[in-house]
Amino acid sequence: MLDIQLIRDHPETVRDALRKRNDNPAIVDDVLGLDSQWRELLQSVESLRAERNRVSKEIGRMQDKQARQAKIDEMRDVGERLSGLDGERREVEEALRAKLLWIPNIPDPTTPVGPDEGSNVEIRRWGSPRDFAAEGIKPVPHWDLGPELDIIDFERGVNLSGSRFYILKGLGARLQRALIFWFLDVHTRENGFTEFYVPFVVKRDMLVGAGQLPKFEDNLYHDVEDDLWLLPTAEVAITNLHRDEILDHQQLPLHYVAYTPCFRREKMSAGRDVRGIKRGHQFDKVEMYEFVDPATSYDELNAMVAVGEDLLRRLGLPYRVLELCTGDVSFAAAKGFDLEVWAPGQDAWLEVSSCSNCTDFQARRANVRFRTTPDARPEFVHTLNGSGLALPRIMIAILENYQQADGSVVVPEVLRPYVGVDVIRRALR
RNA sequence: GGAGGGAUGGCCGAGCGGACGAUGGCGGCGGUCUUGAAAACCGUAGUGGCUGUAAAGUCACCGUGGGUUCGAAUCCCACUCCCUCCGCCA
């Protein structure tokens, strides 16, 4: 959520931000209209209330029965006017808040301007894709490799749960678990992150706090009976971990990491990426999340990207880093970088991490603040999130990059202690 | 799932219709004393909104949402969460 004060004082800044995001700037005028209406009502309500408070105190001290009754009658009228006006105030206030929740974060000035992902800027590239042609191998996509190795079962996944669900079997399941363990171990042992295990379903307000609601309701799974929502990402749970808290400056920055499954309906992506395990309704992810002092948030963002890159290098997977443009940076973020890994089987780059600085946008929604000194006014923290990393896509990259001519797959060295074998072959059975 | 008890400021805890934004204690901050520290003593201290250049004024907040009343932390209703006991259970 944006600071209403910012919208009042610099509406053109906000309109400009919306245009750059390919969004309709008209909402700014809706907000300004509601806001001035609200302030007018608030002032009427408060002056009536001030009068009532004052007179009510007098009534408490009055001895003269008649005069007292006269004041009581007078205040009864005031009370009626007050409740009418206050009802109006509340309606306008709710309408205003509802509008505000639809406005995205303002992109940072350094975010490249562009309408869609075509305008993202590649800023780095690491590793060179393996020369399969030179080896005389035609790289096979994972959707063929997986079933061939008997480690991915698409058909039975669909039988259980419908399209976009799959099953990992044997070393496939083990490889995924190995990645989860290794990621968490690196983050907690080397990078100073604190590991969390969180509920996979949360209350509605938590989705609002993280910015998924109201705008992305279509993409979420939801239990109607208890109004509980499945996490689309661990970010939602962790954003709200310190909801309504005032943190001490010395605690910051907080580096958190959590492994969770993620659930997404993928309605917007109907028909896209239907093959393989690239885009399922359920996937696993290790998520980094940080609460930081606003002064350091951009440094922290760079550091977070570096952590993601380090994981990819140690896995030996060629990748590139994209600086997201205004049309592609996420709703809650002011700036973001994507990490994309090379998938030779499908001749494509796969997004395996998106690191974002959400500045005070989520902190304002979830009300997470801090004090610079013990008696300073509380300020909103900045929050960052980034995948570290998204699992099924890393598995795709491993399978496709490390495949051999006989259809077996070499396990990257860092994972061998976790997987227990050097090479994944089809089980003879 | 059944029965009972509870929710007050950073923490503990009083208040049960009118001078209560809330006694008191602890903790915090500032000071006195001290070579320094502790103790003791004195003082200070919540969050947010609106108006205002400011000084200041005003409103709201005692789990949440409604209601009664001229007036609600206090009375009524609903909900949420916590505790105790019983049942069930990974």
Side-chain angles (χ1 to χ4, degrees), chain A residues 1-10 31-101 197-209 223-229 237 240-252 254 261 291 360-381:
Chain A
M1 197 157 66
L2 299 182
D3 187 355
I4 183 72
Q5 202 67 50
L6 173 75
I7 304 175
R8 278 178 201 151
D9 297 344
H10 306 286
V31 164
L32 289 174
L34 286 166
D35 181 53
S36 65
Q37 216 181 324
W38 174 76
R39 281 189 289 173
E40 213 168 288
L41 282 165
L42 186 70
Q43 280 172 52
S44 314
V45 164
E46 290 193 345
S47 66
L48 274 183
R49 239 201 286 270
E51 185 191 354
R52 192 184 66 180
N53 287 348
R54 183 174 53 76
V55 177
S56 288
K57 278 181 187 169
E58 278 173 30
I59 290 172
R61 287 188 301 255
M62 285 172 86
Q63 299 300 320
D64 184 312
K65 276 263 162 60
Q66 266 193 335
R68 181 183 157 98
Q69 191 55 46
K71 284 293 185 192
I72 289 176
D73 292 343
E74 200 182 307
M75 284 309 102
R76 213 197 311 272
D77 288 347
V78 169
E80 269 161 35
R81 268 198 292 156
L82 182 58
S83 70
L85 275 176
D86 197 42
E88 258 185 83
R89 189 221 84 221
R90 194 181 344 189
E91 277 174 35
V92 171
E93 194 172 294
E94 271 162 27
L96 174 60
R97 180 170 166 81
K99 281 275 180 209
L100 281 173
L101 290 176
Y197 170 83
V198 296
F200 299 161
V201 291
V202 292
K203 293 185 278 189
R204 183 174 223 291
D205 279 353
M206 307 307 131
L207 277 306
V208 175
D223 166 53
V224 180
E225 201 172 335
D226 294 320
D227 197 24
L228 286 173
W229 301 65
N240 292 282
L241 215 58
H242 294 298
R243 179 174 261 266
D244 296 323
E245 289 183 33
I246 299 175
L247 304 167
D248 290 333
H249 192 243
Q250 305 104 287
Q251 300 179 251
L252 304 179
L254 294 169
F291 297 89
D360 60 357
F361 187 86
Q362 291 179 323
R364 185 171 274 111
R365 287 181 171 228
N367 193 28
V368 185
R369 295 174 294 171
F370 78 107
R371 284 186 219 271
T372 46
T373 62
D375 36 29
R377 297 185 95 233
E379 302 171 46
F380 291 108
V381 298

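Chain identifiers are assigned alphabetically (A, B, ...) following the order of the sequence lines, protein sequences preceding nucleic acid strands; residue numbering begins at 1 within each chain. Please read all numbers here as calculations on a predicted model, not as lab measurements.
- The side chain of A/Ser56 lies closest to B/rC70, out of B/rU47, B/rC70, B/rG21.
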Pairs counted as Watson-Crick or G-U wobble with both distances under 3.5 Å: what dot-bracket string results for RNA chain B, using | for bases tied to another strand? ((((((((.[[[..)..(.....]]].(((((.......))))).((((((....)))))).[[[[[..)....]]]]])))))))....

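- When rounded to the nearest whole Å, the span between CD of A/Glu94 and C1' of B/rG49 equals 16 Å.
- By the side chain to side chain donor-acceptor pair (under 3.5 Å) test, A/Arg49 pairs with no residue at all, sequence neighbours left out.
- Looking at heavy-atom distances under 4.0 Å, A/Arg89 makes no contact with the nucleic acid at all.
- A/Glu74 places its CD atom 13 Å from the P atom of B/rC70, with the value rounded to the nearest Å.
- Counting only N and O atoms by type, the side chains of A/Gln362 and A/Arg365 include no donor and acceptor under 3.5 Å apart.
- A/Leu42 comes within 4.0 angstrom of the backbone, heavy atoms only, and of no base.
- Taken from CZ in A/Arg68 to CZ in A/Arg61, the straight-line distance is 12.0 Å, to the nearest 0.5 Å.
- Rounded to a whole angstrom, the distance from the P atom of B/rU23 to that of B/rG15 is 14 Å.
- The distance between atom CE of A/Met62 and atom P of B/rA19, rounded to the nearest whole Å, is 17 Å.
- For the pair A/Lys65 NZ and B/rC70 C1', the computed distance is 15 Å after rounding to whole Å.
- A salt bridge is defined here as a Lys NZ or Arg NE, NH1 or NH2 lying under 4.0 Å from an Asp or Glu carboxylate O, and A/Arg89 with A/Glu93 meets this definition.
- Separation of the C1' atoms belonging to B/rC83 and B/rG31 is 43 Å when rounded to the nearest angstrom.
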Test side chain to side chain contact (heavy atoms under 4.5 Å, CB included) applied to A/Leu101 and A/Met1, step by step: CA-CA 6 Å; A/Leu101 290 176; A/Met1 197 157 66; 3.9 Å; yes

Check nucleotides 57-61 of chain B against the protein and report each pair of N or O atoms closer than 3.5 Å, with its distance, or say if there are none.
| residue | atom | partner | partner atom | Å |
| --- | --- | --- | --- | --- |
| B/rC59 | OP1 | A/Asn53 | ND2 | 3.3 |
| B/rC59 | O3' | A/Arg49 | NE | 3.4 |
| B/rC59 | O2' | A/Glu46 | OE2 | 3.4 |

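- The environment of CD in A/Glu40 is sparse: at most 12 heavy-atom neighbours from other residues, nucleotides or ligands sit within 6.0 Å.
- B/rG13 and B/rG63: their P atoms are spaced 14 Å apart (whole Å).
- Regarding A/Glu40, its CD atom lies at a distance of 15 Å from the P atom of B/rC50, rounded to whole Å.
- Nucleotides B/rG71 and B/rG17, compared at atom C1', are 8 Å apart to the nearest Å.
- Between the CZ atom of A/Arg377 and the C1' atom of B/rA45 there is a distance of 15 Å, rounded to whole Å.
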Side chain to side chain contact (heavy atoms under 4.5 Å, CB included) between A/Phe370 and A/Ile246, worked out: CA-CA 5 Å; A/Phe370 78 107; A/Ile246 299 175; 5.7 Å; no

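- Side-chain nitrogen and oxygen atoms of A/Arg371 include at least one within less than 4.0 Å of the OP1 or OP2 phosphate oxygen of B/rU47.
- In this structure, A/Arg243 and A/Asn367 have side chains that are not in contact, with every pair of non-hydrogen atoms separated by 4.5 Å or more.
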Would you please test A/Val202 and A/Asn240 for side chain to side chain contact (heavy atoms under 4.5 Å, CB included) and show each step? CA-CA 10 Å; A/Val202 292; A/Asn240 292 282; over 6 Å; no

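- Remark: A/Asp9 engages no residue in a salt bridge (charged side-chain N to carboxylate O under 4.0 Å, His left out) (not counting sequence neighbours).
- For the OP1/OP2 pair of B/rC50 and a distance below 4.0 Å, the side-chain nitrogens and oxygens of A/Arg39 include no atom meeting the criterion.
- A/Arg204 comes within 4.0 angstrom of nothing in the nucleic acid, heavy atoms only.
- A/Arg61 places its CZ atom 12 Å from the P atom of B/rC20, with the value rounded to the nearest Å.
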N/O to N/O distances under 3.5 Å, protein versus nucleotides 62-67 of chain B:
| residue | atom | partner | partner atom | Å |
| --- | --- | --- | --- | --- |
| B/rG66 | OP1 | A/Arg90 | NH1 | 2.1 |

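- Taking atom C1' on both nucleotides, B/rG6 is separated from B/rU64 by 16 Å, rounded to a whole Å.
- Comparing A/Lys71 and A/Arg369, the nucleotide of RNA chain B nearest to each residue sits closer to the 5' end for A/Arg369.
- Distances shorter than 4.0 Å separate none of the side-chain N or O atoms of A/Arg68 from OP1 or OP2 on B/rC70.
- Taking atom P in both B/rU58 and B/rC77, the straight-line distance is 36 Å, to the nearest Å.
- Taking atom CD1 of residue A/Ile59 and atom P of nucleotide B/rG17, one finds them 19 Å apart after rounding to whole Å.
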Report the C-alpha separation of A/Leu2 and A/Leu100 in whole Å, then their side-chain angles, then the decisive distance to 0.1 Å, and conclude whether the side chain to side chain contact (heavy atoms under 4.5 Å, CB included) test is met. CA-CA 7 Å; A/Leu2 299 182; A/Leu100 281 173; 5.5 Å; no

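- Using atom C1' as the reference point in both B/rU84 and B/rU32, the two lie 50 Å apart (nearest Å).
- Contacts of A/Arg364 classified as side chain to side chain donor-acceptor pair (under 3.5 Å), with partners at least two apart in sequence or in another chain: A/Asp360.
- Using P as the reference atom, B/rA72 and B/rC61 are 9 Å apart when rounded to the nearest Å.
- Distance alone, capped at 3.5 Å, places no donor-acceptor pair between the A/Glu46 side chain and the A/Gln43 backbone.
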